[in-house]
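What follows is a single structure, written as structure tokens, with notes after it.
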Amino acid sequence: MALVLAAEPGKRRSRGIGWDGIMIDLIEETPYRWRIEPHDGMRVPGVVFASRHLLPDAPGDLALDQVASVAMLPGIVQASYAMPDVHWGYGFPIGGVAATDPAAGGVVSPGGVGFDISCGVRLLVADATREQLSAHFEALMDAADTLIPRGVGPGGVLRDCSEQVLQEILRTGSVYAVEHGYGQPGDLTFCEDHGAVADADPAQVSDRARERGRRQVGSIGSSNHFWELQIVDRVLDRDTAEAYGLAPDTVCVMIHCGSRGLGHQICTDQLRTMVEVMPGYGITVPDQQLACVPVDSEHGRRYLGAMAAAANYGRANRQLLTHATRLAFARAGLGDLRLLYDVSHNLAKMETHHLGGEPRELCIHRKGATRAFGPGDPDLPEALRPQGQPVLVPGSMGTASWVLAGVPNAPAFASACHGAGRVLSRHAVARRVKGTALRHDLAHAGITVRGASPRSLAEEAPMAYKDVDEVVEVCHRAGLARPVARLIPLGVIKG
DNA sequence: ATGTTC
């Protein structure tokens with residue numbers, strides 16, 4: 001395709017070259033919102049929340065084609081959305097949001113969730129002051145280095161858990177962890193879904209997925225996942241920051257990880273099945289990577305049951321790492337940690353949203369997009385309800401992270417960005433950056449990085465990502481969420 | 001994202 005910007009009549013210009021020969025007009029609705037009119041089988045428009053600078057317009061970047069392709073899915077309602085950190089993904093773009101109506105043949109698509117099912121973030125707020133942290137910093141990093149499992153392959157807080165324990169985790173997520181001593185009862189209050197997605201169906205999780213999962217419960221993994229010691233650098237919304245307990249200089253720990261090999265295997269298994277059964281449901285899609293089945297069907301229920309089990313694994317993962325973090329703080333002579341919030345950014349969920357004033361039960365796919373419920377939402381814990389849901393936005397390594405808050409009447413089914421968004425492939429950035437030099441530069445900037453090979457460090461270099469501050473600014477301007485606090489890293493544990 | 005190509 002030749003992608004064309006039609007911001008002002010007579011001022012169109014080409015923005016990229018795709019594969020399908022289709023022309024896409026991108027219409028500037030506001031400086032922070034672009035529209036793709038329905039064409040060639042699109043059932044709804046595409047809507048991209050981005051500044052001109054953040055549009056994914058590199059030559060060969062197919063993210064906007066993917067926004068258009070998602071708009072062709074059966075039962076999709078309102079629009080196919082892209083967040084400001086959108087980039088090219090498997091089937092759906094990363095940073096994509098799509099809602100389907102099961103009552104109108106709406107589908108569920110594994111590509112709309114991603115391989116790392118229930119990948120997400122939690123933020124812990126420490127009792128310790130910045131001065132106390134400084135005095136115990138090396139001891140804390142040493143303890144975390146020992147206690148936080150990470151990297152590819154086996155290893156986790158639970159090491160080799162039994163099949164029985166794994167089954168419990170798949171059914172009850174963080175609830176299992178807390179009930180077995182890996183957390184405090186109050187932790188569950190501040191987890192999305194109170195730590196466990198309902199309707200998990202472990203019977204849909206293959207032997208191979210369970211075997212991979214059994215050996216990794218409570219681990220970070222690799223790539224952009226991290227355990228990070230952070231400090232509140234700036235507060236933008238004083239009332240909300242106060243309610244969240246995020247005063248300037250507050251010490252925090254951010255944990256970003258997902259469902260490891262288990263989620264990956266489930267996605268692989270389910271995609272294989274869906275490609276086979278999809279024609280039987282009379283569904284055709286423009287891209288095999290958009291394989292899908294009706295939400296309200298045998299295979300739709302099977303996928304959602306397996307996905308929910310992986311989601312619970314991801315939540316238990318973050319809960320177990322929270323326990324390990326508390327142990328590290330105790331070992332370093334530092335105080336306790338309180339959970340502010342835990343939220344996924346790769347998930348499909350049934351939620352009630354209003355369409356034309358009417359409540360509808362929709363299947364919301366968020367892939368690289370964070371749920372961002374506004375103030376007063378009954379699904380939020382009482383303590384956070386007046387301000388709205390904390391939206392946790394991890395930055396790239398060595399850069400800031402953000403806490404935003406959900407706003408009333410947000411577009412895109414109450415969703416916001418999930419991070420900075422990659423702009424250079426792992427391969428491309430590894431060619432340009434040397435990991436050893438990067439580690440030195442980060443240390444010089446006051447950021448200690450433990451773990452990670454030079455190669456994996458290079459792959460996560462800040463230059464490979466968009467500027468997270470700019471992404472957050474666009475989220476704010478586009479009305480997706482409001483910035484509350486900016487956090488900067490002091491110490492990082494990476495796989 | 002991922003026992004980084006079953």
Side-chain angles (χ1 to χ4, degrees), chain A residues 63 66 85-96 109-121 149-156 159-161 166 205-227 255-273 275-276 289 291 306-307 309-311 313-315 317-318 321 344-348 365-370 394 396-397 418-431 435 451-461 464-465 494-495:
Chain A
Q66 293 185 317
D85 51 333
V86 66
H87 54 115
W88 190 8
Y90 182 95
F92 279 57
I94 296 161
S109 174
V113 172
F115 278 82
D116 194 5
I117 298 165
S118 199
C119 179
V121 186
R150 75 269 185 179
V152 293
R159 309 248 166 223
D160 275 292
C161 78
L166 182 68
V205 179
S206 68
D207 292 349
R208 187 191 282 194
R210 293 203 314 283
E211 185 54 26
R212 289 178 74 174
R214 216 171 47 71
R215 295 176 294 173
Q216 301 178 322
V217 194
S219 63
I220 292 179
S222 61
S223 192
N224 66 344
H225 289 162
F226 62 68
W227 180 101
I255 298 169
H256 177 206
C257 65
S259 51
R260 303 292 329 271
L262 178 129
H264 193 275
Q265 189 65 49
I266 287 173
C267 184
T268 303
D269 295 340
Q270 292 286 331
L271 279 167
R272 186 173 300 147
T273 304
V275 168
E276 286 170 13
Q289 293 186 358
M307 183 209 71
Y313 185 96
R315 276 89 185 276
N317 216 3
R318 292 191 286 274
L321 289 163
S344 302
H345 48 231
N346 284 4
L347 209 58
H365 299 72
R366 294 189 184 91
K367 181 197 196 173
T370 310
S396 53
M397 183 181 61
H418 88 304
R422 189 174 271 280
V423 285
L424 280 182
S425 71
R426 298 178 205 289
H427 184 68
V429 67
R431 272 198 327 239
S453 67
R455 165 80 195 203
S456 60
L457 212 59
E459 288 178 354
E460 293 304 317
Y465 287 85
K494 284 194 73 69

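What's counted below: heavy atoms across the whole structure, side chains too, no hydrogens, waters or symmetry copies. Just so we're clear, the structure is a prediction, and the values are computed from it rather than from any experiment. Letters go in sequence order (proteins before strands), and every chain restarts at 1.
The CZ-C1' distance, from R426(A) to dT2(B), rounds to 10 Å in whole Å. Rounded to a whole Å, the CD atom of Q265(A) is 12 Å from the P atom of dT4(B). H225(A) has its NE2 atom 16 Å from the P atom of dT4(B), to the nearest Å. Residue H427(A) contributes atom NE2, which lies 12 Å from atom P of dT5(B) at whole-angstrom precision. At whole-Å resolution of the value, CD in E460(A) and P in dT4(B) are 17 Å apart. Between D207(A) atom CG and dC6(B) atom P the separation is 18 Å, expressed in whole Å. Between Y90(A) atom OH and dT2(B) atom P the separation is 17 Å, expressed in whole Å. With rounding to whole Å, R272(A) atom CZ is found 10 Å from dC6(B) atom P.
Among the atoms of the strands shown, none is found under 4.0 Å from any heavy atom of G114(A). Counting non-hydrogen atoms under 4.0 angstrom, E211(A) reaches nothing in the nucleic acid.
Within the 4.0 Å cut-off from OP1 or OP2 of dT2(B), at least one side-chain nitrogen or oxygen of R260(A) is found. A sub-4.0 Å separation between OP1 or OP2 of dT2(B) and a side-chain N or O of S222(A) is present.
Between dC6(B), dT2(B), dT4(B), one nucleotide has an atom nearer to the side chain of V152(A) than all others, and that is dT4(B).
Going from atom NZ of K494(A) over to atom OG of S453(A) covers 10.5 Å, rounded to the nearest 0.5 Å. In this structure, H264(A) NE2 and D116(A) CG are separated by 8.5 Å, a value rounded to the nearest 0.5 Å.
Using a cut-off of 4.0 Å between Lys/Arg side-chain N and Asp/Glu carboxylate O, R214(A) and E211(A) are scored as salt-bridged.
Not counting sequence neighbours, T273(A) has no partner by the side chain to side chain donor-acceptor pair (under 3.5 Å) test.
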